[in-house]
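To start, the structure itself, in structure tokens.
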Amino acid sequence: MDAIRLRGARKLEGTIRVSGAKNAALPILCATLLSDGESLLRNVPGLQDIETTAALLGVLGRDSTVSIPEVRVHPATRPPNPEAPYDLVRKMRASVLVLGPLVARYGRAKVSLPGGCAIGARPVDQHLRGLEALGARIQVEHGFVVAEAPRLRGAEVVFDIQTVTGTENLMMAAALAKGRTTLVNCAREPEVEELGRVLNKMGARVEGAGTSTIHIQGADELEPFDHAIIADRIEAGTFMAAVGAAGGNVLLEHAPLDDLEPVVVKLRKAGLTIDREGDHVRVTRLGVLRPCDVTTAPHPGFPTDMQAQLMALLCVASGRGVVTETIFENRFMHVPELIRMGARIETRNNTAIIEGVPRLSGASVMATDLRASASLVIAGLVADGETTVRRVYHLDRGYEAIEKKLGGAGADIERIHLEGEPP
Ligand code: EPZ
């Protein structure tokens with residue numbers, strides 16, 4: 001079992017390239033199911049979740065060639081098999097994103113219902129209710145959701161809660177529905193907007209992606225596409241928080257500054273200097289690291305996917321910071337591990353109060369989910385002595401070669417293999 005070993009504390013200096021966005025690549029890969037032709041995705045990050053999605057497309061009848069940073073999804077030459085198995089869906093919840101495209105394209109879909117995960121129960125009721133509004137007959141049986149509709153038809157769908165993949169699933173379903181669909185109270189994340197761009201390239205008419213109301217004029221048939229994925233704002237934000245915690249001066253190549261406004265506002269408050277340099281962003285922290293308070297919220301609020309990384313930074317800020325998590329009910333799994341490294345954190349329900357300490361101390365810690373593992377890597381960058389982050393398979397789901405990228409900016413970091421380590 002792999003682990004990441006770090007020896008802090010060193011300032012970060014140099015250049016780090018930001019990869020393509022995981023949370024844009026996954027729905028766009030699923031959108032390839034809407035057309036029988038060959039689609040090409042560029043700037044795709046080399047992540048476990050990409051491999052899992054390619055495997056899922058294969059099971060559904062679409063072969064692909066993954067040669068990072070490109071993924072080529074080949075034309076549909078085999079009869080479709082619109083059934084997404086438990087074994088793949090349990091590995092990656094985002095597999096639920098094949099539901100909309102499958103029922104829209106083939107009139108039927110059987111998808112293993114994603115269970116809960118470390119950060120929360122994460123139901124998909126909004127996805128199912130939306131598809132029902134477009135005329136699908138939905139049944140949940142034996143752990144699967146079965147959706148059937150000879151042809152989906154346009155309708156108005158009002159989401160009870162802003163859901164990123166729920167909005168994306170309905171956008172893809174509506175792209176092949178008969179007539180016009182209006183989605184209300186949509187998620188406004190940049191990845192949703194990016195999917196809108198791709199669906200328009202395929203011939204659907206999507207207006208308002210990135211706003212809370214999206215209109216989609218369905219098409220009878222959609223075209224394949226060739227598209228370069230946007231850069232990953234959460235990966236870029238993670239590196240900004242790392243520079244903030246460790247200090248230093250780093251150029252983040254292709255960092256999507258416009259998509260990171262809510263994060264940048266807080267990091268500047270904490271004492272970082274963040275400036276655009278052409279297509280890149282320079283991040284420096286040379287002076288005192290100040291605390292700040294953060295409440296997570298749907299975009300354009302502070303992203304929940306940056307909460308853990310910011311908490312790691314606040315662990316070494318000079319004063320008290322308060323973090324409130326409003327999206328997921330169980331997203332403080334990193335707290336006990338940070339406390340094991342000497343952090344002073346008190347949690348009450350969905351709020352954590354962080355008293356900054358001068359230094360953390362290195363320790364063996366356990367990753368519990370993707371962003372929690374990133375926060376432990378940041379803590380290891382600033383801790384005295386050695387830190388070993390275990391279960392880095394969580395990290396590999398969302399960060400491409402993080403040890404090489406941070407190592408290239410001067411961190412003392414390596415990937416090691418721990419014999420006999422339980423999964
Ligand atoms: C997406 O998950 C992201 N994943 C998550 O990133 C991210 O944390 C999340 O959006 C919020 O920004 C991908 O894009 C692949 P939601 P998603 O539906 O779509 C509740 C990462 O670290 N809800 O927007 O699954 C839900 O329980 C991952 O990269 C319902 O109640 O999240 C949550 O409390 C982790 N019913 C809230 O809405 C539903 O039908 C927002 O969830 C759907 C959601």
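In each ligand, atom 1 is the first atom listed, and ligand 1 is the first ligand listed.
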Is Lys22 salt-bridged to Glu400, cutoff N-O under 4.0 Å? no

Can you list the residues that meet the salt bridge (Lys or Arg N to Asp or Glu O under 4.0 Å) rule with Arg397, with sequence neighbours excluded? Asp49

Partners meeting side-chain hydrogen bond (donor to acceptor under 3.5 Å, both in side chains) with Arg42 (sequence neighbours left out): Glu70, Asp226

Identify, chain by chain and in numerical order, each protein residue with a heavy atom under 4.0 Å from an atom of ligand 1. Lys22, Asn23, Ala94, Arg122, Pro123, Val124, Asp125, Gln126, His127, Ile161, Gln162, Thr163, Val164, Thr165, Thr304, Asp305, Ile327, Phe328, Arg331, Leu370, Arg371

Between Arg129 and Glu132, does any NZ, NE, NH1 or NH2 come within less than 4.0 Å of an OD or OE carboxylate oxygen? no

State whether Asp36 and Arg105 are salt-bridged, where the test is any N-O pair (Lys NZ or Arg NE/NH1/NH2 against Asp/Glu carboxylate O) under 4.0 Å. yes

Mind checking what makes ring pair (Phe, Tyr, Trp, His ring centres under 6.0 Å) contact with His254, not counting sequence neighbours? His280

